[in-house]
Amino acid sequence: MEHTKPSIKQLQEQKVIGIIGLGDMGCLYARRFSQAGWRVVGCDREDLYETNKTKFANESFELLKNGHLVSRLADYIIYSVEAENINRIVSLYGPSTKIGAIVGGQTSCKGPEIAAFEGHLPSDNKIISLHSLHGPKVNTVGQPLVIVRHRASDEDLYFVEQLVSCLQSKKVLLSAKEHDRITADTQAVTHAAFLSMGTAWSAINQYPWETPRWVGGIENAKANISMRIYSNKWHVYAGLAITNPSAHEQVLMYSQSVSELFTLMISGEEAVLRERLHKAKDFVFHHVDENDLLLDDNILDRYSLSKEPPGGKQPNSHLSLLAIVDSWFRLGIIPYDHIICSTPLFRIFLGVTEYLFCRGNLLDECIKVAVSDTTFRHDDLNFTMASSNWANIISFGNFDLYRREFEKTQEFFKPMLTEANALGNQMIKTILDRVREKEAAADAKIP
Ligand SMILES: NC(=O)C1=CN([C@@H]2O[C@H](COP(=O)(O)OP(=O)(O)OC[C@H]3O[C@@H](n4cnc5c(N)ncnc54)[C@H](OP(=O)(O)O)[C@@H]3O)[C@@H](O)[C@H]2O)C=CC1
Ligand SMILES: O=C(O)C(=O)Cc1ccc(O)cc1
């Protein structure tokens with residue numbers, strides 16, 4: 001006999017949702033679920049309970065003292081804590097999980113999270129994990145939301161899907177392994193590129209928007225995204241890259257591409273460089289229509305942090321963008337295959353790179369500049385050293401060193417981060433609106 005599925009309303013009457021870790025993402029979920037009519041209980045660190053009572057006094061969810069109390073009460077518990085600590089925190093509260101409850105997490109790499117659940121949860125508990133592929137201030141509508149059903153029935157999955165439906169995100173069902181492979185290709189290497197830009201600017205003591213060398217739409221996108229990353233918490237990026245073994249390979253390959261391309265540039269090997277980059281272009285962008293690119297300089301021109309009106313543009317060697325395509329080619333990655341599971345930053349990075357490689361003869365102009373014009377050599381040398389340093393820190397798995405390097409660069413940009421973030425938000429909104437328009441136009445064409 002077939003059972004009829006309960007309605008959302010019935011589920012909301014029966015089920016309690018628990019959130020462990022009420023930081024940026026945990027708080028976003030707790031708010032959205034409770035505002036949609038679910039009973040939500042949550043906790044942050046027990047030693048901060050008294051302070052947090054005041055902080056969360058006006059929220060529509062209930063603050064409990066610790067993860068034991070959340071775990072005993074809730075039917076679906078989401079751990080939204082630092083990736084580095086997931087095993088320790090699950091080992092603490094996991095054994096208190098209500099009989100038959102479902103457990104999941106929000107950390108950005110699923111392998112270690114699932115291993116923690118398997119290691120510390122009683123065997124009657126189910127496992128369905130989540131990953132919202134966007135930051136806490138991005139509108140959740142239409143953004144990818146990965147659901148990893150690891151140990152659960154169809155009814156359990158149905159319940160979780162009903163719960164997250166209020167976010168109006170795009171559901172993507174993946175295994176933990178698939179998720180980690182894809183996010184290494186997309187997120188980890190994107191962050192490595194923008195982290196390296198920031199470190200390089202800091203090393204030469206130069207804000208990119210204060211020099212006429214860095215003028216133009218592509219340069220604005222680079223600076224804004226780099227600032228956006230440095231205005232976030234270091235542990236988000238460290239956890240995502242260090243805990244994901246596939247990410248180590250990607251980031252190392254990226255840094256190797258940077259170093260090899262830079263060597264060709266300074267040796268004046270224009271023909272070799274051209275052949276290598278065109279091969280990579282043909283592999284990555286073979287299907288791209290030049291008249292239907294995601295981005296252009298005109299959109300991005302509007303988002304400059306510079307106080308000066310834009311003057312003549314100084315052509316740039318764009319080492320960071322040439323190297324990403326080179327490394328995709330060498331790893332056999334077609335980034336468009338992952339678009340369903342991509343973050344806003346990755347889509348912008350891809351859009352900017354696509355523009356450079358597919359618009360007119362921009363690529364060939366860029367190769368010429370890279371070999372003959374020495375204006376960017378100092379920047380490129382520092383970028384090469386920075387990308388190698390980040391690859392070493394990540395593959396060595398050193399959280400402390402990651403934090404130190406991240407915070408050193410963050411300190412350099414501190415006076416500008418608030419303004420840069422506001423501008424970056426506008427830029428991202430414009431780009432995402434444009435992506436949505438393009439998708440709607442493409443859907444309308446399907447008979
Ligand atoms: N920020 C983002 O853009 C995204 C982040 N993620 C992932 O989501 C997770 C959460 O990230 P985010 O919200 O940004 O990070 P936050 O640092 O803002 O939130 C984590 C929260 O967990 C708290 N915490 C630590 N230990 C415990 C404990 N024992 N019990 C309860 N709470 C505890 C932390 O407290 P304290 O700070 O005092 O240690 C903090 O408030 C991370 O794994 C991150 O990688 C996923 C998608 C996007
Ligand atoms: O868009 C990005 O790459 C971000 O910087 C925000 C982010 C960070 C961590 C995640 O696991 C998902 C999204």
Side-chain angles (χ1 to χ4, degrees), residues 18-31 41-49 51-52 55-56 63-71 77-94 96 104-110 112-113 116 129-138 140 143-146 167 169 179-180 182-195 224-244 247 338 341-350 399 403 406 421 424-425 428 431-432:
I19 311 275
I20 296 181
L22 290 171
D24 293 338
M25 292 304 286
C27 203
L28 167 77
Y29 270 31
R31 276 192 189 133
V41 296
C43 72
D44 204 80
R45 273 178 26 201
E46 188 165 349
D47 54 313
L48 301 177
Y49 179 59
T51 343
N52 280 335
K55 182 174 166 192
F56 295 122
L63 180 72
L64 300 181
K65 200 168 188 173
N66 61 40
H68 294 294
L69 300 179
V70 171
S71 298
I77 299 127
I78 302 170
Y79 285 78
S80 190
V81 298
E82 293 90 342
E84 187 186 6
N85 301 328
I86 185 79
N87 190 59
R88 182 179 60 75
I89 297 174
V90 175
S91 77
L92 207 60
Y93 308 131
S96 302
Q106 175 68 263
T107 69
S108 311
C109 178
K110 294 304 172 194
E113 184 183 286
S129 253
L130 302 174
H131 186 195
S132 279
L133 288 178
H134 56 81
K137 296 201 179 77
V138 170
T140 56
Q143 297 299 334
L145 166 60
V146 177
L167 301 173
S169 295
H179 168 277
D180 290 353
I182 294 176
T183 51
D185 289 356
T186 53
Q187 284 190 280
V189 79
T190 303
H191 298 152
F194 290 103
L195 285 167
N224 290 343
I225 293 182
S226 182
M227 290 310 97
R228 193 179 172 83
I229 287 176
Y230 280 106
S231 58
N232 211 337
K233 291 173 185 150
W234 70 274
H235 76 74
V236 172
Y237 302 107
L240 177 153
I242 291 177
T243 62
N244 186 342
H338 298 329
C341 194
S342 62
T343 65
L345 298 196
F346 172 74
R347 272 170 271 157
I348 295 171
F349 193 31
L350 180 58
F399 278 93
R403 179 182 197 156
F406 188 96
N421 225 0
N425 283 343
I428 286 179
I431 293 170
L432 293 181

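Counting starts at 1 for both ligands and their atoms, in listed order.
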Test of proximity, Met25 against ligand 1: N or O pairs below 3.5 Å: yes

Identity and separation of the nearest protein heavy atom to atom 6 (C) of ligand 2: Gly135 N, 3.8 Å

Short N or O distance, Arg88 and ligand 1, threshold 3.5 Å exclusive: no

Within-shell test, His131 vs ligand 2, heavy atom, strictly < 4.0 Å: yes

Minimum-distance protein heavy atom relative to atom 7 (C) of ligand 1: Gln106 O, 3.3 Å

4.0 Å heavy-atom contact, His235 with ligand 1: yes

Cys27 and ligand 1 - part of the residue with a heavy-atom distance under 4.0 Å: neither

Minimum-distance protein heavy atom relative to atom 8 (C) of ligand 2: Val236 CG1, 3.6 Å

Closest approach of any protein heavy atom to atom 37 (O) of ligand 1, naming residue and atom: Glu82 OE2, 3.6 Å

Asp44 near ligand 1 by a heavy-atom separation under 4.0 Å: yes

Tyr237 heavy atom under 4.0 Å from ligand 2: yes

Parallel, tilted or perpendicular, as decided by the 30° and 60° cut-offs, for the rings of Phe399 and Trp234: perpendicular

Protein residue, atom and distance nearest to atom 18 (O) of ligand 1, heavy-atom basis: Lys233 NZ, 2.4 Å

Close approach of Gly67 to ligand 1, heavy atoms, under 4.0 angstrom: no

Protein residue, atom and distance nearest to atom 4 (C) of ligand 2, heavy-atom basis: Leu345 CD1, 3.8 Å

Min heavy-atom dist Gly239 to ligand 1 below 4.0 Å: no

For atom 13 (C) of ligand 2, closest protein heavy-atom neighbour: Gln187 NE2, 3.5 Å

Ile229 touching ligand 2 at heavy-atom level, < 4.0 angstrom: no

Heavy-atom gap Ile89 to ligand 1 smaller than 4.0 Å: yes

Heteroatom proximity flag, Thr343 to ligand 2, N/O under 3.5 Å: yes

N or O contact, Ser108 vs ligand 2, cut-off under 3.5 Å: yes

Within reach of ligand 1, part of Glu46 (heavy-atom separation under 4.0 Å): neither

Distance filter under 4.0 Å to His134 heavy atoms, resulting ligand 2 atoms: 12 (C), 13 (C)

Within-cut-off N or O pair, His131 and ligand 1, under 3.5 Å: no

Contact partition for Asn232 relative to ligand 2, non-hydrogen atoms under 4.0 Å: neither

Plane angle bin for Tyr93 and His68 - parallel if under 30°, tilted between 30 and 60°, otherwise perpendicular: perpendicular

Smallest separation among heavy atoms of Ser80 and Ile19, with atom names: CB-CG2, 4.4 Å

Nearest-contact summary for atom 47 (C) of ligand 1 - protein heavy atom, Å: Ser132 O, 3.4 Å

Test item: side-chain donor near acceptor, Ser129 and Glu113, under 3.5 Å: yes

Atom 19 (O) of ligand 1 [closest protein heavy-atom partner, distance rounded to 0.1 Å]: Gly23 CA, 3.3 Å

Minimum-distance protein heavy atom relative to atom 2 (C) of ligand 1: Pro136 CD, 3.8 Å

Nearest neighbour in protein (non-hydrogen) for atom 29 (N) of ligand 1: Tyr93 OH, 3.3 Å

For atom 45 (O) of ligand 1, closest protein heavy-atom neighbour: Ser108 OG, 3.1 Å

Shortest protein contact, atom 3 (O) of ligand 2 (heavy atom only): His191 NE2, 2.8 Å

N or O contact, Val81 vs ligand 1, cut-off under 3.5 Å: yes

Residue pair Asn232 / Tyr237, side-chain donor-acceptor N/O under 3.5 Å: yes

Residues Asp44 and Lys55 bridged, charged N to O under 4.0 Å: no

